Each structure stands twice: as C-alpha cells, then as structure tokens.
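All heavy atoms count here, side chains included; hydrogens, waters and symmetry mates do not. In this text the structure is predicted, and so the values were computed from the model without any measurement.
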Amino acid sequence: MSAKSDLQQLLSVPMEERLSVRDREGWYNVELDDEDSRAAAVLLLFGALDSTPSQFHESAVPDDLDVLFVERAATLSSHPGQVAFPGGGIDPDDDGPVAAALREAVEETGLDATGVEVLGTLPEIPLSVSNFLVTPVVAWWSAPSPVAVVDFAESAQVFRVPVADLLNPANRRMTVVRREGQVFKSPGFLVHNVIVWGFTAILLGHLFDDLGWTIPWDQSQEIPAPLRAVAPVEDPSQA
C-alpha cells in the first residue's frame, strides 16, 4: 500500500479501539485543571512534496514522503525553541479541532488549506505545561503550496523532513528529562540540525509504530532533552 493508504487504514479504526498516549506511556500521568484547561489541535501534514528525497533508503515509506514541522520561537513563554506540528488553541469561532488545526497551520506557515485533505484525528492528548487537551489532526497534502515563517515572533523556521530520515535508526535517541528527582525518557529524532522530542516525538513514535513503519533502533542511546528556560512574560494577557 501507499503511505496515504496506510494512514487512511489506521484512521479507519474506530476511536474507541485505539490506544491513546496516556494508555501507552506508563509515566504519562498528566492531569489538567478542568476549570482552566483549553482544547487545542495540531496538524500532522504528510505529503510527497520535497524535491530533495530522503538520505535513508531502506524504510517502509517512499523517499519523497515528508511531514511538516515548525520550530517555535525561542522567546515564547510556552515550549520555547521546540520543534512542533503547526497548531494551537481552538477558538470559539472554529468549527472543531480540524478547523482549528488548519487555521493555525495557515497562520503559522502560510500554506493553502484548500490543498490539504484531512484524513482523520487521533485520540486527544493532555499537555500539562500549557494546560491544553490536544487533538492531533492527520492530513495529506494533495495540492502542495509554498510554506515559510509568517511571524518570526511565533516561529523560528518552517520545514519539511523526509519521513524515511525520521525512521532511520541512526537518527533515533531516547531523550532524558530529570526533574524533581524523577527521570522521564521518551523517543527523540535527530534531523534538520534539531532534536524533535517531547509531545511531538512521542506522538510520531506511536504513530509510526501503529502504521508498521518503525525500524528497530537502539533505545539504550540517550541524550539530554534540550530544555530551555521559559521566557519572561511582560504582558499577562500574552501568557
């Protein structure tokens, strides 16, 4: 089957029959403040768009399959400098998580949403740092359009990464966070001179497992997660 068919087949499974990240990750005991939590959505946009194919050629996906990322600006108060999927909070005017994910992707990358075919959604994931309950929206880039940073106050770069390079065992590590006497380990990816880790890498890792794309890799190779200090927030309305 094609990569798009693999995605469609996975997303055709009823939501109640799919395991969430909370179910899979034994350490993922995230609880949100129900009064202050906010719904959010991210866009996992796959496509065969890049004129430069992957450097790794022994995977379960085509060399030209890629996925869209943004690197968040280092000055942001939430998740500064981290590589992420386009996305953000669901606004009252949004018609659900799909609309929110597309709107945010347009605002962050300038893509033409009419060329995006939404395939479905994955189970919600809680994020305690931002108090978001995130719906991952999976889509296929059926009609490519140019993308770039729209607002450098929000994003440092917008880029596509060949999925085969993400799957390359040589590019995979376990990232380690030590916090308050506890140690948290999660999968990471070394690509495009950045480390993809945290929520984004956990989500990708489980998605690749479910698709049958994962290639066995050495999980004993560990690196510190690239934690950054949270930028000060001068205006409370911008927190």
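Both Val42 and Leu211 belong to a common hydrophobic cluster when Ile, Leu, Val, Met, Phe, Trp and Tyr are linked at side-chain heavy-atom distances under 4.5 angstrom. Under the 4.5 Å side-chain heavy-atom criterion for ILVMFWY residues, no single connected hydrophobic cluster contains both Trp217 and Phe56. Each of Phe208 and Met174 belongs to its own hydrophobic cluster when Ile, Leu, Val, Met, Phe, Trp and Tyr are linked at side-chain heavy-atom distances under 4.5 angstrom. No path of Ile, Leu, Val, Met, Phe, Trp and Tyr side chains, each step under 4.5 Å between heavy atoms, connects Val150 with Leu111, placing them in separate hydrophobic clusters.
Side chains of Thr135 and Thr121: a donor-acceptor N/O pair is absent below 3.5 angstrom, by distance only.
Residues Glu222 and Thr175 form no side-chain contact, since every pair of their non-hydrogen atoms from C-beta on lies 4.5 Å or further apart. Annotation: side chain of Ile223 is not in contact with side chain of Val176 (no heavy-atom distance under 4.5 Å). Annotation: side chain of Val161 is not in contact with side chain of Leu68 (no heavy-atom distance under 4.5 Å). Annotation: side chain of Lys4 is in contact with side chain of Glu117 (closest heavy-atom distance under 4.5 Å). Side chains of Leu203 and Phe85 form a contact here, defined as non-hydrogen atoms less than 4.5 Å apart. In this structure the side chain of Val183 reaches within 4.5 angstrom of the side chain of Arg178, judged on heavy atoms. Between Val158 and Phe69 the shortest side-chain heavy-atom distance does not fall below 4.5 Å. When side chains are defined from C-beta on, Val70 does not count as touching Gln157, because their heavy atoms never get closer than 4.5 Å.
The main-chain N or O of Gly96 is never found under 3.5 Å from a side-chain atom of Asp94 such that the two would form a donor-acceptor pair.
Using a 4.0 Å cut-off between charged side-chain N and carboxylate O, Arg72 and Glu154 make no salt bridge. The pair Arg38-Asp91 meets the salt-bridge criterion, with a side-chain N (NZ, NE, NH1 or NH2) lying under 4.0 Å from an Asp/Glu carboxylate O.
Note: Phe46 and Trp213 have perpendicular aromatic rings, judged against thresholds of 30 and 60 degrees for the angle between ring planes.
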Test side-chain hydrogen bond (donor to acceptor under 3.5 Å, both in side chains) on His192 and Glu71 and set out the steps. CA-CA 11 Å; His192 203 79; Glu71 181 182 353; over 6 Å; no

Can you check side-chain contact (heavy atoms from CB on, under 4.5 Å) on Glu124 and Val134, steps first, answer last? CA-CA 5 Å; Glu124 297 173 329; Val134 184; over 6 Å; no

I'd like to know whether Glu104 forms a side-chain contact (heavy atoms from CB on, under 4.5 Å) with Leu43, so could you lay out the CA-CA distance, the side-chain angles of the two residues, the decisive distance to 0.1 Å, and finally the verdict. CA-CA 9 Å; Glu104 287 281 350; Leu43 185 68; over 6 Å; no

Taking it one step at a time, do Asp210 and Val13 satisfy side-chain contact (heavy atoms from CB on, under 4.5 Å)? CA-CA 11 Å; Asp210 290 345; Val13 177; over 6 Å; no

Go through the steps for Leu166 and Phe189 under the test side-chain contact (heavy atoms from CB on, under 4.5 Å), then give the verdict. CA-CA 6 Å; Leu166 290 166; Phe189 302 86; 3.8 Å; yes

In a table with atom names and distances, give each donor-acceptor pair under 3.5 Å that connects a side chain of residues 193-201 to protein atoms at least two apart or in another chain.
residue: Thr200; atom: OG1; partner: Val83; partner atom: O; Å: 3.2

Would you be so kind as to tabulate the donor-acceptor pairs closer than 3.5 Å made by side chains of residues 136-145, with sequence neighbours excluded?
residue: Ser142; atom: OG; partner: Gly115; partner atom: O; Å: 3.0
residue: Ser145; atom: OG; partner: Asp112; partner atom: N; Å: 2.9

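Within 6.0 Å of atom CG in Asp151, more than 12 heavy atoms from other residues, nucleotides or ligands are found, so the atom counts as buried in its surroundings. The local environment of CD in Gln55 is sparse, with at most 12 non-hydrogen atoms from other residues, nucleotides or ligands closer than 6.0 Å.
Taking CD of Gln9 as the reference point, atom OG of Ser2 lies at 10.5 Å (rounded to 0.5 Å). For the atom pair OG (Ser155) and CD (Glu107), the distance works out to 11.0 Å, reported to the nearest 0.5 Å. If you take CG on Leu204 and NE2 on His206, they are separated by 11.0 Å, rounding to the nearest 0.5 Å. Atom OG of Ser5 is separated from atom CG of Leu119 by 10.0 Å, given to the nearest 0.5 angstrom. Rounded to the nearest 0.5 Å, atoms CG (Leu11) and CG (Leu122) are 6.0 Å apart. Residue Asp63 holds its CG atom at 10.0 Å from CG of Leu65, rounded to the nearest 0.5 Å.
Here the closest non-hydrogen pair linking Asp165 and Ser54 is OD1-CB, 3.5 Å. Among all heavy-atom pairs drawn from Gly205 and Arg172, the shortest one is CA-NH2, 4.1 Å. Of all heavy-atom pairs spanning Ile90 and Ala41, the tightest one is CG1-N, 4.2 Å. Shortest non-hydrogen contact noted between Val106 and Ala113 is CG2-CB, 3.9 Å.
Across Thr214, Asp218, Ile215, a single residue satisfies side chain to side chain contact (heavy atoms under 4.5 Å, CB included) together with Pro169, and that is Ile215.
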